[in-house]
Each structure stands twice: as structure tokens, then as C-alpha cells.
Amino acid sequence: MTQHYDSATPKFPHMLHGGDYNPEQWLKYPEILEKDVELLKKANINCVSLGIFSWANLEPSKDHFTFEWLDKIIDRLYENGIYTVLATPSGSRPQWLAEEYPEVLRVSEGGQRFLYGNRHNHCLTSPAYRERVRIIDTKLAERYANHPAVILWHISNEFSGDCHCELCQQAFREWVKDKYKTLDDLNHAWWSHFWSHTYTSWDQVHSPGYMGETSVHGLDLEWKRFVNHQTIDFMKEEIKAVKSVNPDIPATANLMGIYFEGLDYFEMAKELDVVSWDSYPEWHKPNENEIIARNDSLAHDMMRSTKKKPFLLMECTPSTTNWRSISKLKKPGMHCLAAINAIAHGADSIQYFQLRQSRGSAEKFHSAVISHTGTENTRVFREVTEVGELLPKLESEVYSTLTPAKVALVVDVQNKWAIDKSLGPRNQYIDYYGLIQKCYNYFWKNGICVDIVNCDSELDGYSLVIAPMLYMFRGNISDKLRSFVADGGTLVTTVFSGVVDDTDLCFLGEATKEKLSDVLGMWVEEMDSLYDEDENATDFNGKEYKLYELCELLHPTTCEVLSTYKKDFYKGLPTITRNKFEKGTAYHLAATGEGELYDDLFKMIADEAGVRAPLSSVPKGVSLTVRGDLYFLQNFDEEERTVSLDNKFSDLLSGESVEGDVVIPALSARVLKPCEKQ
Ligand code: GLA
Ligand code: ZN
């Protein structure tokens, strides 16, 4: 079953192949700008992202606008069949703006105002900043929103960070007051009678920070929620400014995947027409390429899931980054393989940072489609060109479509904020994302589509919901999980789940509904933390698995015990439980285990829940992803691998038909279409 969507860019409803282009750096080199057009066409580039950091060239001094250079670039590219994704320039401000309005400069949590420099560091509360952004955005929209080349708004760039200035403090106080209404409710929710930190006036509410409050966990959570709110509010004002001129050009913002923890992207996505993101995996770490591919796929899945729609891959590097501790080249084939992986997981574009390599300053060694050589005679240029040739083939099969997922994985950034601040079981590190990756692995490898959901998501339509380490039961998630199981769904929870509410207050009582004790058929009495060099173990289905990090000591009430601890004073207590609850089933995994435990357990649970893998097995190094009718078999290893097919397929890339054992060369993919529907 395939779901069809409207195109993300209705004016140009095609797979985009493009990237960030910064002609403002090259205005003194007209011959280079001219040559770029020719080279971009050769590389099968069909769109460019313009204006992301152009503010100083668009408004060199206050209210003095110079759009002529941009007119020329947009027109010239358009004459050559290249469309424009137009950015608002608010990701980096001109010097004059900071000079005239110092309030736009952020203040650190220690109360110190930063000097001018860098980017992504504006006070998003500042009325002066908002007003100057509104003016430049409106001017841009008035000039270009009806230009035939402009297909999409790219709002700002990679929103992130917080500001602790007085304007932000005041806005935070208002926000907190609006939420809690009375100081009595605030003091209870934040448990602030602890250490006598009771708030007796709203004016005492101040952002957390190393110079001040760090012990009120409710305050910490609300500050993060406020920063999220304020950032989204700022972004909404930008969208309003550009859409007031032409509401028909969709808007996106470039997000940073699943591992960026500063914002709740599920909230942000609600305000965007299409989600896009910037993916920079560290390919080719020795023996880790498959894991890296899995972790990047998880991020693609999350980006797709925030709107449950195809997304755009707004940035990836044609070869290397320049900002990691080691910037390794993408080996031959890797770029194409990573691009195919993005498409397989729901991307409708492959876009780059950057199209032309910058000559100086911070990003001069970041790779680009056109390198400092300025020619097409490079390996990277050829590989980019190849991706451009591939996209139309994939477009005809999967553009603007998705395969609905039967499995949902709960990944809630607010939960992560709370775990990080939990101050208790393992302050040195709790590997939340590591656990999520282990839970995702079996499905990723075997071609079972997984949606990422958070506590606010609806769970209708899923057969299996996995909620790893959902420490904070936020909103009505426990009611939703209960109804999901009652209606016949299968739920899996793990160690350190259902411990606190929205404001980080611990649930009281032994076996309670709030903690889902009825659904799980058990309650947790204690949780042991293991030193890094410690381990426990459990036997399950005749195999022994290692356990690490956290081990719960639980009391079964109605659940079945599937396995037990092998060591320590809690030897014999349950490690894996299963409980029948009304029409459904709930599993609980009481400890953190090695990867294989999750692979084996989820194979069993998925089979039981009727979620079947399309192929009987997928070899090491290879992953299968299904989008629409297509099977994407991808080999992330540097050795060729053989996959056994149970049916006849045609290879979309080579045109040949294949069946039985099929070879996937190192660092490459086969995109297969079943000859008959299976
Ligand atoms: C981010 C930014 C880009 C560029 C790249 C470099 O994704 O959005 O402007 O700095 O990183 O990898
Ligand atoms: Zn501020």
C-alpha cells in the first residue's frame, strides 16, 4: 500500500538536486559566476538555495537595499533551467545591525553579552531583531515571491541556541505565568520548597544557568520549552512576512535530524509546509559504516515522521565536511549510496552544502560540487553528476509517496531533556539514543518501515509501538498507550520508563495506572546502576545476552516472566516480561542489553504482531528499505555481499531482471522492483 502526497514544491514538482550557492562571495569574479551556470547544468543540478547568508549584500546599510546582483543570478539560472530555493537571511546578521541595535546580540547564561561574530546567535526575542528581519523578509518577498524561478522559502538557517538577556527573561516570566497562573501551582510543579527555593514573586523566575539555579528540574524543563516556543514563534513571524506577499510558495526550515536536542522538531514541523534537514554522517569510521548508515537512517525516519510526509534533504556534503575533528573523504560510491538511502527513507531531494567551494574564511575546506579547481574534472563532480542522473529514475517510481509504517518508535526530546537532568542513577551517562538505535536496528536492516513518534503523536494505525526509556510520561501518553494495547496493539517498554510527569515530579504509589502497571502487569521497586566495567546477563530462548547500565528489580503482578537475571543479589528476578492486557500485549525489558538481544527479541515480537520482514534474511553490511514498490538493497560494507531473493525483480538502475542470489558490490545499492506484486 502506497500513500500519495502533494509535491513539496508544486511550481516544480520534481526531485530536487541542488544546494547552497553563495554568489555574494564571488561578485568580483563575474567569469566564475558565468562558468558556474555551465558547470551546474553539467552536474544535473536543477535548483540552488540562495541568500542564506546574504544579508550584508542585500542591505549593506540600514534601509539601503541592493537586490540587483541577486536579480541577475536568479534570472540567469532560471534561463538555464535552474530553480531557486530562496532563503531569508536571518541566520547571520550584518555588522551594522549589531552596532546600531546591541540588543540583538545574545547574552550567555552567566549574564555576559557576546560581541559581534559568527552566526546563529541572535536574541530571538529582541523586537529590534524581529523588526529588521521582518523588513528584509518582506522586501525579498515583494521582489521575488512571484518570480517564476522561486519554488520554496528556506527560512533562516539551522535555528538553535538560547539567549539569557533581560528581554528573554521578561518573556520567559510571562510565558511561565501564563502556563501556571498561580505561584502556588508553580511552586508545587517545580517542587521548589526543596532547599527553600520557593518563588514568592514572578520576578524571581530567571533562566537556569551555572551562575544561578541548576537544582530546580522543573525550571530547567520549562526554560527549554520556552526557548523552543520562542524560536518557533520567531520562525512563524518570518513565514508570515514572506507568505503575506504570496501565500502559495511553501516554506521550509533546515532542521538537524534526531540527535540535535535543542528544539522539539515535532512542534516546529507543525509550522512548516515541508520539513528539510542537513545530514552529515561520519562515514568510513573503521568497521562502523553499517552502524553509521543505520543511525543516519533513523534521523531520516524522524524527519519524515515529524510531518508524516516526504522530506527534503536540504544539505549533505558532496565529500567531506571541515568541522569534524577528522574530515574524511567519502570513498567512491559512498555519495551515491547515501543519496539512495535518503530517498529510500522518504527524501524527495538531494541537496548539498555547497555548490561552489568558498575561497576563504571558515568553510574554505568544506567540499563542494565545484571545487577550487573550478572544473568538472574531479571525482566528486562526477559522482554528483551521477546522482543527478539517478534521481529522475527514482522520481518516476517514488516521488511524493510513502509506505505507511506499522511500527512506531517513541523518541521524545523533552524526555531526553528530563533524563539528562534526572540526577540519580547514572550521572556519567545514560545512553538514550544508543538504546533507541538498538531498538531500531532489526527493523532498519530488514526493510520494515518505522515511524518516529513523540508523546504528542496519535498511535492509530500502528501494530507495534516501542517506547524505549520513556522516563517522562508527558501529556496523555500513558492513556494513549493503554488504549493502544487495549485495542489489540503490541507495546514494548524498557528500563527507566514511566517515572516522572511533565514537570519531572515522580509518580507516587506502587502499582499505579499512571505508570501503566496494569498494562505491563508489574511494578518496579528499585533500579540498580552498573559501573562501566560491570555486567549482568540473561538467558532468553536458549541464548545468553549481556546486560549493562541499568537493571530494574520488578514485581510481576499479572505478567508472564520470559527471562531472569543470572547474577547479583537480584538473580532470578525478571528481565523480560509479557502481559496480556485486554485485546493486546505489553512487553517490558527491565535492563539495558547488548544489541543482539534487541534484534532477536524484536524479530519475535514483530512476527507475533504480524509485522513481517519482506525478505527472509539480509546479510551483514546490507540493509533493505522499502518505499512504494521499490526494494532498496544497500551495501554499506567495503566487501561485496550476496542477497537471496525469493522472487523475480527488475533492477531499476541497470534495467536487468534478477532473481535468486544477487550480488551487491561494495558501497553500492540495488534498487529492485518486484516483477509481480507480492
Ligand atoms: C550546516 C550549515 C551550512 C554549513 C554546513 C557545513 O549544515 O547549515 O551553512 O555550515 O553546516 O557542513
Ligand atoms: Zn535575548
Side-chain angles (χ1 to χ4, degrees), residues 18-22 24-25 48-55 85 87-93 98 101-114 118-130 133 154-175 206-207 209 223 226-227 229-231 233-234 252-257 259-260 262 276-283 296 299 303 312-325 327-328 330 338 351-358 361-369:
D20 290 18
Y21 184 44
N22 300 107
E24 68 279 0
Q25 295 175 17
V48 299
S49 306
L50 285 172
I52 300 174
F53 299 116
S54 306
W55 198 342
V85 171
T88 64
S90 62
S92 186
R93 69 186 108 72
Y101 306 98
E103 70 171 50
V104 307
L105 299 168
R106 273 187 190 167
V107 169
S108 73
E109 63 176 65
Q112 212 177 5
R113 198 173 287 281
F114 288 100
N118 303 316
R119 60 175 181 176
H120 304 158
N121 52 8
H122 333 284
C123 170
L124 298 186
T125 305
S126 154
Y129 197 60
R130 287 183 176 221
V133 168
H154 178 301
I155 304 295
S156 202
N157 194 63
E158 294 190 338
F159 284 108
S160 65
D162 60 0
C163 169
H164 297 253
C165 77
E166 254 324 298
L167 293 165
C168 288
Q169 301 295 350
Q170 200 43 45
F172 179 46
R173 274 169 214 135
E174 293 302 322
W175 188 82
H206 193 280
S207 61
W223 172 252
F226 164 75
V227 171
H229 164 87
Q230 204 69 347
T231 307
D233 187 62
F234 180 91
T252 191
N254 54 339
L255 278 41
M256 290 181 275
Y259 308 108
F260 172 72
S276 64
W277 86 284
D278 305 341
S279 159
Y280 292 98
E282 286 180 281
W283 295 116
D296 195 40
M303 293 291 98
L312 301 176
L313 183 65
M314 187 55 79
E315 291 179 27
C316 66
T317 176
S319 182
T320 85
T321 60
N322 70 318
W323 45 267
R324 292 208 184 268
S325 38
S327 296
K328 205 163 171 53
K330 272 181 173 168
Q351 291 159 271
Y352 307 102
F353 181 85
Q354 48 194 339
L355 293 182
R356 170 174 273 281
Q357 193 166 25
S358 161
S361 294
E363 295 187 317
K364 62 183 178 298
F365 291 130
H366 196 293
S367 76
V369 175

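Numbering of ligands and ligand atoms starts at 1, following listing order. This one's a predicted model, so the numbers in the text were calculated from it and none came from an experiment.
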- Message: Looking only at the side chains, is there a donor atom on one of Asn254 and Glu315 sitting less than 3.5 Å from an acceptor on the other?
- Response: yes
- Do any N or O atoms from the side chain of Ser276 and from the backbone of Leu313 form a donor-acceptor pair under 3.5 angstrom? no
- Assign the ring pair Trp223 / Phe226 to parallel, tilted or perpendicular, where the plane angle (0 to 90°) is split at 30° and 60°. tilted
- Message: Can you tell me which residue among Glu158, Gln351, Met303 is in a side chain to side chain contact (heavy atoms under 4.5 Å, CB included) with Asp278?
- Response: Glu158
- About how large, to 10 degrees, is the angle SG of Cys165, then the Zn ion (ligand 2), then SG of Cys163? 110°
- Have His164 and Asp162 got a donor and an acceptor in their side chains that come within less than 3.5 Å? yes
When you pair each N or O of ligand 1 with protein N or O atoms, which pairs come out under 3.5 Å?
from     : atom 1 : to     : atom 2 : distance (Å)
ligand 1 : 7 (O)  : Glu158 : OE2    : 2.6
ligand 1 : 7 (O)  : Asp278 : OD2    : 3.4
ligand 1 : 7 (O)  : Glu315 : OE1    : 2.5
ligand 1 : 8 (O)  : Asn157 : OD1    : 3.4
ligand 1 : 8 (O)  : Asn157 : ND2    : 2.9
ligand 1 : 8 (O)  : Glu158 : OE1    : 3.4
ligand 1 : 8 (O)  : Glu158 : OE2    : 3.4
ligand 1 : 8 (O)  : Glu315 : OE1    : 3.3
ligand 1 : 8 (O)  : Glu315 : OE2    : 2.8
ligand 1 : 9 (O)  : Arg119 : NH1    : 2.9
ligand 1 : 10 (O) : Arg119 : NH1    : 3.3
ligand 1 : 10 (O) : Arg119 : NH2    : 2.8
ligand 1 : 10 (O) : Glu363 : OE2    : 2.3
ligand 1 : 12 (O) : Tyr280 : OH     : 3.4
ligand 1 : 12 (O) : Trp323 : NE1    : 2.7
ligand 1 : 12 (O) : His366 : NE2    : 2.7

- Message: Given 3.5 Å as the limit, does a donor-acceptor pair link the side chain of Arg356 with the main chain of Tyr21, or not?
- Response: no
- Note on the structure: Between Cys123 atom SG and Cys168 atom SG, the angle centred on the Zn ion (ligand 2) rounds (to 10°) to 100°
- Note on the structure: Correct closest heavy-atom pair for Lys328 and Trp283 would be CD-O, 4.2 Å
